[in-house]
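Below, chain A is the first sequence line, B the second, and so on; all start at residue 1.
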Protein chains: 2
Amino acid sequence: MKPTIYHVAEQAGVSIATVSKVINNTGRIGRETRENVLAIMKELGYEPSVVASALTGKHTNTIGLLVPDVANPYFSELARRIEDRGHEKGFSVVICNTDNGIEKEAEYVKWLHRKQVDGIILGTGIQDNRTLHELLKQETPTALVARDSPSLQVDTVRIDDYLGGRLATEHLLELGHTNLGFMLGGLNSSSEEERLRGVRSVMTTNNLSVCEKDIVTDAYTIEEAKQQAMKILTQAQPPTAIFAMNDLLANGVMKAARELGLRLPQDISVIGFDNTLLASISEPPLTTIAQPIADLGTQVTDLLVQEILGEKTVKQRIVLLPSLVVRESTTTIARTPVQK
Amino acid sequence: MKPTIYHVAEQAGVSIATVSKVINNTGRIGRETRENVLAIMKELGYEPSVVASALTGKHTNTIGLLVPDVANPYFSELARRIEDRGHEKGFSVVICNTDNGIEKEAEYVKWLHRKQVDGIILGTGIQDNRTLHELLKQETPTALVARDSPSLQVDTVRIDDYLGGRLATEHLLELGHTNLGFMLGGLNSSSEEERLRGVRSVMTTNNLSVCEKDIVTDAYTIEEAKQQAMKILTQAQPPTAIFAMNDLLANGVMKAARELGLRLPQDISVIGFDNTLLASISEPPLTTIAQPIADLGTQVTDLLVQEILGEKTVKQRIVLLPSLVVRESTTTIARTPVQK
DNA sequence: AATATTGGAGTAAGCGCTTACCCATCTATG
DNA sequence: CATAGATGGGTAAGCGCTTACTCCAATATT
């Protein structure tokens with residue numbers, strides 16, 4: 001049977017209070033007693049029960065992580081970083097896949113609440129803020145990652161999507177492209193809107209406009225992305241470059257292009273977003289807007305942990321800046337866009 | 001303040017025992033009382049504390065999942081399936097990245113134990129069975145996935161790696177290749193050894209042999225894989241086909257080949273393993289040995305949950321069969337292997 | 001009508017731990 | 001030498017829940 005604090009106390013000839021104090025390094029305990037208790041603990045292979053101590057009003061040392069889908073490279077890398085950092089700080093992380101469903105999200109949050117997790121990291125792109133409001137009302141430490149927090153008082157770590165959109169667009173314009181296509185996914189729509197805002201801003205500055213029919217949306221898998229890309233690429237006057245909102249979609253676009261016999265990047269330039277594993281794997285290697293995923297993960301975890309530990313009182317919003325990573329999927333424009 | 005069972009009991013004018021009974025659907029409770037209590041619970045927004053009930057000797061409804069690295073597509077897909085199934089069954093999963101380190105693994109297991117997780121799924125490829133032995137001794141329900149259990153009495157779900165190795169080799173031989181190269185990673189070495197055993201078996205049957213210098217190992221990233229592949233490909237008489245033990249490595253091989261000016265698949269055939277996202281993304285699309293990842297995930301979860309619930313007494317070993325998925329990275333041999 | 005059943009609900013003892021508070025020594029102080 | 005702090009450690013009351021057991025009243029049984 002698993003030894004409890006009672007066994008240790010008995011063996012050591014002290015009270016359970018004393019044992020508890022040496023475990024937690026609280027109160028005043030003599031050198032000798034402490035060492036003795038420690039020895040007994042080791043001898044018995046005693047491990048304090050997190051459950052019991054949690055009941056006494058302390059922490060469970062657990063944080064909940066909500067993401068749309070861990071199988072998505074972006075989120076799996078993020079999850080890895082968060083787990084790493086959490087582990088360093090003594091927290092375990094329970095993972096929840098919401099598929100960006102408001103119902104699932106709410107259900108998970110309720111469940112995590114019952115489990116008394118110490119805090120929650122929201123990495124979903126849901127526009128609906130109901131769950132978030134609920135969370136804040138309940139005073140569960142909460143932090144947002146890769147998601148905007150429109151006018152809400154909550155710790156947030158995200159990238160500047162607007163800037164990301166600008167960077168991508170500027171890159172394409174510099175290469176001479178003026179007829180641009182865009183592919184949105186839907187996994188993190190608030191981010192995507194911001195990026196599109198960046199796009200529009202740059203386009204307007206350059207007296208260009210983005211044609212609504214060159215924007216396709218709702219693609220979650222590479223296959224769907226390919227199908228959607230087909231729509232854009234088979235138009236009368238197809239874009240010469242496509243900006244996909246994540247690397248997975250960009251790969252879908254490339255598949256479509258290849259199937260249509262277009263050469264990459266000579267006939268069609270493609271730029272992605274995120275700079276996940278997929279960007280370096282793809283052929284040609286994908287030019288993309290890099291998110292500092294590792295930093296997003298560690299910083300949001302730090303924020304949450306500080307909040308949990310009560311080490312900080314003011315909420316903050318951290319905005320990391322994306323950067324352009326040029327690889328081989330984009331190049332200067334070759335064919336004349338007029339070919340009606 | 002969060003309502004407790006006492007608040008509900010008071011409001012409903014019953015004892016906490018009664019409330020507990022309606023929550024758990026145990027004991028005998030009258031229709032009216034039950035409905036009344038239920039109503040009060042809803043009204044108060046009461047949520048039973050998992051922590052408290054866990055302390056009373058029940059379950060925490062949590063399982064621990066140990067994998068080398070969730071950022072690895074294979075494991076992230078697996079993790080997704082396990083979380084999905086776990087969630088369906090009412091369990092949350094806490095994720096642990098061991099990087100295949102025996103120390104980290106042991107530490108995680110100890111920690112999970114303190115947390116009183118109901119069970120543990122081991123998806124690591126560590127050869128050392130110490131942790132596993134420990135786990136079994138402690139009677140923590142444990143299940144292995146994608147990992148062998150040499151002579152141990154533990155629930156296991158895995159694929160037939162030997163068969164996988166055979167399938168890959170047979171495919172290459174059928175295409176006319178006789179000079180084969182192999183690239184191991186190290187993430188799951190027991191599996192890889194089995195696969196290699198499959199390879200050797202087929203080779204021997206065909207009066208062929210595998211040259212030790214055509215086997216490279218220890219590659220964890222795509223970059224490392226590329227470097228290692230270079231070694232094989234720049235030999236005097238390089239293989240005409242390479243069998244990589246996972247899709248990531250296969251991509252590294254393709255990168256190397258491309259850098260050396262080799263055409264894929266005409267000059268060099270590449271076959272991977274796992275059939276993850278990476279296999280369909282890559283260019284050319286990767287021929288690979290498909291693991292039924294979804295089934296691995298759900299079945300191992302089911303096994304563990306049954307074990308936890310005490311619904312079964314005999315341990316079992318489930319072996320799923322891999323299959324060959326032919327895409328475009330392999331083709332019949334073109335150049336003559338003799339070119340010394 | 002007397003007894004046996006059974007349905008419905010309460011009592012109270014813990015689960016393993018934390019913590020506010022109390023008590024006994026021991027040493028430094030005037 | 002009496003006393004005020006330190007110092008070291010114990011007491012006991014919970015935390016929110018489950019469950020074995022008890023008790024009572026309403027039926028069913030003979």
Side-chain angles (χ1 to χ4, degrees), chain A residues 1-38 40-41 44-62 110-118 138 309-310, chain B residues 1-38 40-41 44-62 111 113-118 138 309-310:
Chain A
M1 227 216 71
K2 232 173 95 174
T4 71
I5 198 171
Y6 287 98
H7 300 123
V8 177
E10 191 178 5
Q11 275 289 315
V14 296
S15 74
I16 60 164
T18 303
V19 177
S20 175
K21 282 171 194 157
V22 346
I23 294 171
N24 302 294
N25 256 305
T26 56
R28 288 181 300 239
I29 297 294
R31 226 178 90 73
E32 271 188 44
T33 327
R34 147 164 291 116
E35 280 169 5
N36 180 237
V37 170
L38 252 18
I40 301 287
M41 294 196 333
L44 264 46
Y46 168 74
E47 291 290 347
S49 156
V50 175
V51 171
S53 74
L55 188 57
T56 325
K58 303 228 309 177
H59 297 303
T60 50
N61 282 277
T62 305
K110 183 184 285 184
W111 181 238
L112 291 174
H113 201 232
R114 287 190 49 177
K115 293 236 169 148
Q116 272 151 257
V117 296
D118 298 329
Q138 282 167 180
L309 268 33
Chain B
M1 233 217 68
K2 235 174 91 175
T4 73
I5 198 172
Y6 287 99
H7 299 123
V8 177
E10 190 178 6
Q11 275 289 314
V14 296
S15 74
I16 60 164
T18 304
V19 177
S20 175
K21 283 170 194 157
V22 349
I23 294 171
N24 302 294
N25 257 306
T26 56
R28 288 181 301 238
I29 296 294
R31 225 177 89 74
E32 270 187 43
T33 325
R34 148 165 289 117
E35 281 170 4
N36 180 235
V37 169
L38 252 20
I40 300 287
M41 294 198 332
L44 263 45
Y46 168 73
E47 291 290 346
S49 155
V50 175
V51 170
S53 73
L55 188 56
T56 325
K58 303 228 309 176
H59 297 302
T60 50
N61 281 279
T62 305
W111 181 238
H113 201 232
R114 288 190 49 176
K115 291 234 168 149
Q116 270 152 258
V117 296
D118 298 329
Q138 282 168 180
L309 269 32

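- Backbone-only engagement by B:T4 is indicated by non-hydrogen atom pairs under 4.0 Å involving sugar-phosphate atoms exclusively.
- A distance-only check finds no donor-acceptor pair linking the side chain of B:D118 to the backbone of B:H59 [under 3.5 Å].
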So which protein nitrogen or oxygen atoms get under 3.5 Å of nucleotides 7-9 of chain C's nitrogens or oxygens?
from	atom 1	to	atom 2	distance (Å)
C:dG7	N7	B:R28	NH2	3.3
C:dG8	N7	B:R28	NE	3.3
C:dG8	O6	B:R28	NH2	3.4
C:dA9	OP1	B:T33	OG1	2.2
C:dA9	OP2	B:G30	N	2.6
C:dA9	OP2	B:T33	OG1	2.9

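- When only modelled atom types and interatomic distance are considered, B:T56 and B:S53 share no side-chain donor-acceptor pair under 3.5 Å.
- Of the N and O atoms on the side chains of A:N36 and A:R31, not one donor lies less than 3.5 Å from an acceptor on the other residue.
- Checked by atom type and distance alone, the side chain of B:T60 never pairs as donor or acceptor with a backbone atom of B:A54 at under 3.5 Å.
- A:T62 and A:K115 share no donor-acceptor pair across their side chains, judged by distance under 3.5 Å alone.
- B:I23 comes within 4.0 angstrom of no nucleic acid atom, judged by non-hydrogen atoms across all strands.
- Counting 5' to 3', DNA chain D first comes under 4.0 angstrom of a heavy atom of chain B and last does so at the ends given by D:dG16 to D:dT19.
- Heavy-atom contacts from other residues, nucleotides or ligands closer than 6.0 Å to CD of A:E47 number more than 12.
- Heavy-atom contacts from other residues, nucleotides or ligands closer than 6.0 Å to NZ of A:K110 number 12 or fewer.
- Projected onto DNA chain D by closest heavy-atom contact, A:A52 and B:T26 fall at different nucleotides, the more 5' of which corresponds to A:A52.
- Side chain of B:R114 to main chain of A:P48: a donor-acceptor pair is present (N/O by atom type, distance under 3.5 Å, no hydrogens or angles).
- Residue contacts for A:S53: at a heavy-atom cut-off of 4.0 Å it reaches the sugar-phosphate backbone alone, with no base atom in range.
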